[in-house]
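Everything quoted here is computed from the prediction, not taken from an experiment.
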Amino acid sequence: EKKRSKNCSIQNVIDNCPQACRLCCDDDEDFRLEIKGGDFIQCEWISQKKARQKKYCGKKVGKKAAENAGALITNKCGESCGRCAAPSSMPTIVV
């Protein structure tokens with residue numbers, strides 16, 4: 001967290017890594033993850049149970065996957081994994 005916070009204060013990092021800086025919190029609607037039994041699930045399925053979030057959100061997509069191999073599931077399912085910063089912690093813009 002400390003490293004992320006430091007790096008995300010650099011504009012170039014913010015521009016190129018918005019998900020890592022928790023600026024993009026939407027789920028990737030095109031993302032599908034193959035689970036045991038060969039079923040493919042979407043991010044919303046993960047969000048339905050805390051146990052699923054705990055099991056999948058910290059992991060990477062398997063190397064055998066046709067697409068997204070090695071991607072962090074949290075980066076693909078930011079909202080469903082609870083990765084977004086809470087609205088109260090977002091900066092307030094005063095005009």
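Annotation: ring-ring contact (aromatic ring centres under 6.0 Å, His included) contacts involving residues 39-64, sequence neighbours excluded, comprise Trp45-Tyr56. Judged as a salt bridge (Lys or Arg N to Asp or Glu O under 4.0 Å), the pairs with a partner in residues 27-41 (not counting sequence neighbours) are, in order, Asp28-Lys76.
The hydrophobic side chain of Leu72 is isolated, with no ILVMFWY side chain under 4.5 Å apart from it.
Rounded to the nearest 0.5 Å, atoms CD (Glu79) and OG1 (Thr74) are 13.5 Å apart. One finds the CZ atom of Arg52 at 12.5 Å from the SG atom of Cys81 (value rounded to the nearest 0.5 Å). Between the CD1 atom in Ile41 and the CD1 atom in Ile35 there is a gap of 6.0 Å [rounded to 0.5 Å]. Rounded to the nearest 0.5 Å, atoms NZ (Lys55) and CD1 (Ile73) are 10.0 Å apart.
For the cysteines Cys77 and Cys57, the sulfur (SG) atoms lie at a distance of at least 2.5 angstrom from each other.
The backbone N or O of Ser80 lies less than 3.5 Å from no partner atom in the side chain of Glu44, so there is not a single donor-acceptor pair.
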